[in-house]
Visitor: 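Please find one structure pasted underneath; my questions will follow.
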Number of protein chains: 2
Amino acid sequence: MASADCVGVRVFSLNCWGIPYLSKHCSQRYQMIGEMLSKNEHDIVLLQEVWSEKDYLYLKKQLSNSHPYSHYYKSGVIGSGLAIFSKHRIYDTFLYRYSLNGYPYMAHHGDWFGGKAVGMAVVNLGGLTANIYVTHLHAEYSREKDTYLAHRVVQAWELQEFIRHTSAGADVVILGGDLNMHPEDLGCRLLRSYTGLRDSYLETAKFDGCENGITLIADNTFINKKELIPFETGIRIDYILFKGTSKTHIYCDFMSTTKGSVPDHPFPYSDHEALTAQLDELSKTRDSPLAELVDIVTEARTEVKVGLHCAERMRYTTARTGVMGLALLFLELAIAAVPCLALGAEQPFPCASFYLLAALCFSILLTTSLLYVFYTMELKSLQGAEDQMRLAVASLQEKLRGFPVARPHHTLQRPSEGEGPSALDPEE
Amino acid sequence: MASADCVGVRVFSLNCWGIPYLSKHCSQRYQMIGEMLSKNEHDIVLLQEVWSEKDYLYLKKQLSNSHPYSHYYKSGVIGSGLAIFSKHRIYDTFLYRYSLNGYPYMAHHGDWFGGKAVGMAVVNLGGLTANIYVTHLHAEYSREKDTYLAHRVVQAWELQEFIRHTSAGADVVILGGDLNMHPEDLGCRLLRSYTGLRDSYLETAKFDGCENGITLIADNTFINKKELIPFETGIRIDYILFKGTSKTHIYCDFMSTTKGSVPDHPFPYSDHEALTAQLDELSKTRDSPLAELVDIVTEARTEVKVGLHCAERMRYTTARTGVMGLALLFLELAIAAVPCLALGAEQPFPCASFYLLAALCFSILLTTSLLYVFYTMELKSLQGAEDQMRLAVASLQEKLRGFPVARPHHTLQRPSEGEGPSALDPEE
């Protein structure tokens, strides 16, 4: 597959839908996945939604011969659900937890408890250093009224930041996972444009899979067709992205996806389709046009501002409710303390109602306090992302105008004299 | 200060002790700090504990001429307290929040609410790319019985991971901040050994400051001398660390600290002393001995395991208390529901006590549930760090034995053929 100085790597990615007790046929599906992976020649296997560590350990045992190296990324209350299996030795790992990831009280959506993150692994592929990333972003529960849009945009922003800043020393960068975004969604464009990562579906020479590369398809037995409307056949939200560097030119030779069923089995591997991409070394990398990137970052900033506005409103409502709870408590205490305010001497004091009402007030105060703290944290994260985006737009615009800018990390030649201003230059 | 091809940079670091309403003479001290910074020729100013954004904005205004570029890192409920001011343009920023940072119920320690993190800024210094980091780790409230040790070791671990993975493209790496660790503490050794960062106090050619470079000193009027015992004169917990790369050799020419007072002012800038380091380009970087690094990582792993054990015990205790609360609630409900279990027909039902007890049970259940969730998150983070450390030790030991290992990020030459095994080699 690879000569001594040429990288050739087969990458696999699958959202395993492994929610214990809730996902259908979970253990049988893991058995199928383990069997299939142990037979196929995937160099790198990137899995998402492996929520139970038991299932990871089962796969680890099943793949001990075919993929002796693996890592399970732990985070949040339940875990990140991310796992990597590799034929090649993993030298180093790192995990970045997204600062925003839904709301703890939206327990039926469950994303918050998952501690969504991006996992990184450093692997040596035929003499080249490869940085492998696996991630799973916040789900989109409604396309029309997507209350998590700002959170997902910030996650995409942090994902591109993390990849950009950690991959300077890598010859090959590969990202696989369930991005929960359509190919032309803002977060997806942001990620591709800023990092220079290329979509293996769009770049592949040969493709075998569903129409338009969709990975959440109506033909999958686990899929509720109604939820896909208005995308009757399905949507593409799982990706394998890749890039080389100025020295290493990578291209996608072949890509395939499963098509909603597995031969000789009654049901598919998961509710998502599995992706396989064959990457080889050769072609020239393309640079994203800078002007387009500025537009995308500006759009992302607008989206984050909208989220900021929402979070501010929610925090204000919470504070108001809290104050009302406090006022009610004071009123109650006043009634209890001052006899003349009471119902009248002839009636007995309504003990049970009093304590029930007090308990209600305390619950309101406690809940609103917790929510206030949560919204404050959300605001901080959104403001932080917005600040960084503003800075990025300014830097990009300056670059666009041709001003001297710190050279991008991946070109490692020292700039010629005069390209960068001297440390003494106060104008810089 | 710098020729076209030589970096010369003056770095400043100070923990500002800027807790609104609680820190003494806060606004006057910020005025003093702003005045001093605007007059001095510091290229990079790294501040910690700037808890209030108002104070950051005040400094930003004061330093608009001397340090036109700045960034305030937002995180957690209150913020990270981290800020950077620079004479040189900041091209990019990034923030990494530590996964562990104390406990929310230890409100009097307050660290949890601060959302401790490491902030990064990319700056161009005389044609060289400099990655600047500023951080503030969890405080040590008792040296004998340090309940936060595991958290601080994990923070130091994540800090070194973050710096190592993000600085591959940088020519110069500078870290300033309050590490809350003595120079020979485990976390400090871990950080220095793994990243190759050098301590400007230990490396400086000329030094002007307190004995042993201490930065929390008994002579500071804001310091409670009793809290320093058994270190009567003071401790060194604030640092400026630096390194070059294989191409850029940096050394520390001069370092100074304040000495607990400011001429013409009634009190010092903060309860910590301020650090200034003059870094220049020249000398050879030293590599940390690998064997020592293995020992340090192993020690850190042991410490994390101890923390893991504590967290497991705490979670178990919480679960047991929760179950007891539940049992009490059921008992109460049984008494209320089944009349024959009650106090006897002649006595009235004790309404008030009943509701009070029920409220108590609910509070116990709610508190233990929240704590259980929190300890589960803590366990995940500790386990994640432990996993990464195990992997790191294995990689380092292999490197020590001379096996082929992925070349470190900062040496960017492609290895000669045969150094790294080919992608087809299943043994790798």
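Lettering follows sequence order; numbering is per chain, from 1.
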Visitor: Do the side chain of A:D43 and the main chain of A:R10 share a donor and acceptor less than 3.5 angstrom apart?
Guide: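 Looks like yes, one N/O pair under 3.5 Å.
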Visitor: Non-hydrogen atoms of chain A under 4.5 Å away: do they reach the side chain of B:L379, the backbone, both or neither?
Guide: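 Interface part for B:L379: neither.
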Visitor: Using modelled atom types only, decide if a donor and an acceptor are shared between the side chain of B:T245 and the backbone of B:T248 within a distance under 3.5 Å.
Guide: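 Present.
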Visitor: Using a cut-off of under 4.5 Å for heavy-atom pairs, which of A:S99, A:A359, A:S381 has the most such pairs with chain B?
Guide: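 When all of A:S99, A:A359, A:S381 are compared, A:S99 has the most.
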Visitor: Between A:A358 and chain B, with a heavy-atom cut-off of 4.5 Å, which part of the residue counts as in contact: side chain, backbone, both or neither?
Guide: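 For A:A358, there is no contact with chain B at all, as no heavy atom is under 4.5 Å.
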Visitor: Does any backbone or side-chain atom of B:A385 lie under 4.5 Å from a heavy atom of chain A? Answer side chain, backbone, both or neither.
Guide: neither
Visitor: Identify which part of B:L396 has an atom lying under 4.5 Å from any heavy atom of chain A, answering side chain, backbone, both or neither.
Guide: neither
Visitor: Hey, does A:L356 have a side-chain heavy atom less than 4.5 Å from the side chain of B:Y355?
Guide: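 Yes, at least one pair of side-chain atoms sits under 4.5 Å.
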Visitor: Distance check, rounded to the nearest 0.5 Å: A:I174 atom CD1 versus A:I163 atom CD1?
Guide: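 Answer for the CD1-CD1 pair, A:I174 versus A:I163, is 11.5 Å.
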Visitor: Do you know which of A:T376, A:I78, A:D92 has the most heavy-atom pairs under 4.5 Å to chain B?
Guide: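 Most heavy-atom pairs within the cutoff with chain B belong to A:D92.
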Visitor: Under 3.5 Å, is there a donor-acceptor pair linking the side chains of B:Y133 and B:S167?
Guide: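 The criterion, which ignores hydrogens and geometry beyond distance, is not satisfied for B:S167 and B:Y133.
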Visitor: Which residue in the set B:Y98, B:F162, B:F94 passes ring-ring contact (aromatic ring centres under 6.0 Å, His included) when paired with A:Y96?
Guide: B:F94
Visitor: Consider only side-chain N and O atoms of B:Y56 and B:S70, and report whether a donor and an acceptor are under 3.5 Å apart.
Guide: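 Yes, side-chain donor-acceptor contact under 3.5 Å.
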Visitor: Between B:S75 and chain A, which part of the residue has a heavy atom less than 4.5 Å away: side chain, backbone, both or neither?
Guide: backbone
Visitor: If I measure from the heavy atoms of chain A, does B:E158 come under 4.5 Å with its side chain, its backbone, both, or neither?
Guide: both
Visitor: Please classify the contact of B:L382 with chain A as side chain, backbone, both or neither, using a heavy-atom distance under 4.5 Å.
Guide: neither
